[in-house]
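Chain naming here is simple, since letters A, B, ... match the order of the sequence lines and numbering starts at 1 in each.
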Amino acid sequence: MATHAVEAVELVKTYPAGRKNPPLRALDGLTVSVGEGVVLGLLGPNGAGKSTTVKILTTLSRADSGTAVVAGYDVNRSPDQVRRSIGYVPQKSSSDPMATGLENLVLSGRIFGLSHQESLQRARELLERFGLREHGSRPVKTYSGGMQRKLDVALGLVHRPKVLFLDEPTTGLDPEARANLWNEVVRLSGQEGLTVLLTTHYLEEADRLAGQLAIVDHGRIVAEGTPEALKASLRGDSVHVELVDPDTDGTVRALLGQLPGIGEIVVEGNTLRARVDRGATAVPAVLGALEDKAIPVVAVTVSRPSLDDVYLQHTGRSFRVAEEAA
Amino acid sequence: MIAHTGLVFGRWMRASYRQPALIAFTLVQPAIWLLLFGQLFQGVVRLPGFGDSSYIAFLTPGIVMMTALMTSGWSGTSFVQDMERGVMDRMLASPVSRGGLMAGQLLSNATTTLIQTILVFAIGIAAGARYDGGIVGYLVTIVASMLVGTAFGSLSNAVALLTRQQEALIGISQFVSLPLTFMSSIMIDPTVAPHWVNVAARFNPVDWATIAARQSLAADPNWSSVWRHCLYLLAFTLIVGWLSTRAFRTYQRSV
């Protein structure tokens with residue numbers, strides 16, 4: 001049996017009602033495990049329970065029920081040992097804006113018990129590695145968003161943790177800074193058997209970074225596996241039909257449903273998505289059927305299953321719609 | 001905890017000296033209070049109860065305590081800023097001692113109080129205040145002002161952890177500090193104040209500090225009163241310091 005760096009079982013967390021909000025069940029029996037040296041992506045829309053999971057696993061928050069073991073220690077019974085073994089990069093930037101990059105890193109090293117010399121050496125090493133060497137002596141408030149995020153990740157690594165938690169590492173970054181940070185994370189995951197648990201609501205990011213994926217919806221894991229296995233579990237191809245007018249009365253849906261080789265169909269506004277056995281034969285049939293009934297079409301596309309299709313399959317909603325609802 | 005206190009203290013001290021505008025403000029404000037109130041209430045010394053002391057000599061220790069109180073009310077804003085970013089969450093998921101996280105910040109706050117106290121004395125003396133008590137009087141005043149700063153600084157930090165909002169923090173801090181200033185002997189001798197104010201002042205930690213300071217600066221101090229009031233103040237500071245450290249748990253329960 002492979003050893004697990006993170007093992008969470010049946011986590012439940014309910015936030016009490018506030019003045020404006022009803023009580024919120026953020027986690028509803030979430031179970032997930034991450035093997036040593038694996039990069040696991042928790043993928044889900046905002047409000048699915050990803051950050052709450054990370055907060056519980058990093059000892060910041062406590063679950064109402066359920067157990068979690070991180071780096072061999074129980075988060076409730078030995079929070080201090082867990083804290084020594086992990087690096088936590090919160091969703092919001094976690095550096096002190098008034099201090100320089102170097103000062104931030106040194107302080108973090110000292111808090112984890114490194115000597116001043118060791119901290120300084122480690123801080124310089126990390127600044128170098130994240131391409132921040134020339135900026136080490138400038139206050140963080142002068143950094144760009146991408147630079148701040150890199151420093152955040154470096155802050156999580158100062159004490160050489162066994163498990164690194166990255167909560168939405170690239171949210172709010174421009175595409176270039178995002179690609180840049182992705183490269184850093186890919187490089188990290190190959191090193192020193194570091195285990196990484198990252199949360200993201202970008203399908204592309206999950207596909208790119210994670211060796212293992214867990215799809216979170218309404219506080220539970222709805223699907224797990226490698227991105228390839230998850231995509232492969234979907235039979236055939238995916239056909240997207242974009243209509244001029246929304247299919248309000250379900251005519252188009254009924255029409256396409258009769259065609260041979262067409263699986264389930266999901267309608268969202270002007271778009272229909274259908275699972276088909278073979279894209280090459282389905283597209284002409286779809287177009288022919290629509291033309292017979294003189295239904296105007298903007299576009300028809302066929303694609304190999306994407307993570308979006310996986311998400312759709314397991315939650316009954318497309319990712320975009322889930323995001324908008326959140 | 002001591003090592004962590006030192007590290008956290010270092011962080012906040014560094015942050016303060018990088019904000020010269022803020023330093024200037026925290027120093028100019030007490031100077032204005034002292035000179036403004038000194039002018040405004042000059043006539044008070046003609047009332048019975050003040051003896052022959054000048055009002056500026058009476059007022060200076062009071063303004064010391066008022067400054068410590070008012071400045072410390074803002075202490076929690078540094079925690080709010082840490083919570084608005086991810087700094088607080090990162091710290092709390094690290095092995096940092098909670099006591100050290102609180103104490104380090106309070107120590108940096110107390111350092112500000114120390115500098116302000118020395119400055120207020122300097123201005124008071126320049127404006128004509130004279131004290132018959134020796135060096136011990138000044139030391140007692142300095143320690144008492146730092147205790148006031150620490151006690152109300154930790155209350156401010158606790159409110160910050162519980163509300164997580166700058167506006168709420170400032171509102172509560174104003175709501176508390178103005179009555180504490182006026183229901184005390186900071187500006188007016190208790191013999192000329194209404195009875196109920198004197199009753200309220202008996203439970204006012206800022207008044208304990210003011211009494212201890214004035215007594216110890218007098219020609220013939222009533223030392224038992226000085227130590228008694230200092231002891232009350234110390235006990236109060238320790239209790240609120242402990243309670244505010246507990247507030248980290250409440251904060252963690254809500255994240």
Partner chain A: residue of [options] with the largest heavy-atom pair count (under 4.5 Å):
options	result
Val96(B), Val8(B), Val255(B), Leu92(B)	Val255(B)
His4(B), Met88(B), Gln81(B), Arg253(B)	His4(B)
Gly10(B), Ala3(B), Ser94(B), Ser97(B)	Ser94(B)

Using non-hydrogen atoms only, which part of Glu84(B) is less than 4.5 Å away from chain A: side chain, backbone, both, or neither?
backbone

Side chain, backbone, both or neither: which part of Ser254(B) has a heavy atom under 4.5 Å from chain A?
backbone

Quick one: pull up [atom1] in [X] and [atom2] in [Y] and give me the separation to the nearest 0.5 Å.
X	Y	atom1	atom2	answer
Asn104(A)	Arg11(B)	CG	CZ	7.5 Å
Ser95(A)	Arg90(B)	OG	CZ	7.5 Å
Asp89(B)	Ser61(A)	CG	OG	10.0 Å
Gln252(B)	Lys55(A)	CD	NZ	11.0 Å
Asp96(A)	Asp82(B)	CG	CG	6.5 Å

Contacting moiety of Tyr15(A), where chain B heavy atoms sit under 4.5 Å
side chain

Based on non-hydrogen pairs under 4.5 Å, which of Ala26(A), Gly156(A), Gly113(A), Pro90(A) is most in contact with chain B?
Pro90(A)

Under a 4.5 Å heavy-atom cutoff, which of Val89(A), Leu155(A), Ile86(A), Asp80(A) has the most pairs with chain B?
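Among Val89(A), Leu155(A), Ile86(A), Asp80(A), the one with the most close pairs to chain B is Leu155(A).
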
Take atom [atom1] of [X] as the centre, draw a 6.0 Å sphere, and report whether it contains more than 12 heavy atoms from other residues, nucleotides or ligands.
X	atom1	answer
Glu134(A)	CD	yes
Arg62(A)	CZ	no
Arg249(B)	CZ	no
Gln121(A)	CD	no
Ile2(B)	CD1	no
Lys162(A)	NZ	no
Trp12(B)	CH2	yes
Arg133(A)	CZ	no

Atom of Arg18(B), atom of Thr100(A) and distance for their closest heavy-atom approach:
NH1-N, 4.0 Å

Would you name the heavy atoms of Arg83(A) and Ala93(B) that are closest together and state the gap between them?
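In this case the closest contact between Arg83(A) and Ala93(B) is CG-O, 3.3 Å.
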
Okay, side chain of Arg110(A), backbone of Leu7(B): is any donor-acceptor separation there less than 3.5 Å?
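A pair under 3.5 Å: no.
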
Using side-chain heavy atoms (C-beta onward) and a distance below 4.5 Å, is Arg85(B) in contact with Pro97(A)?
yes

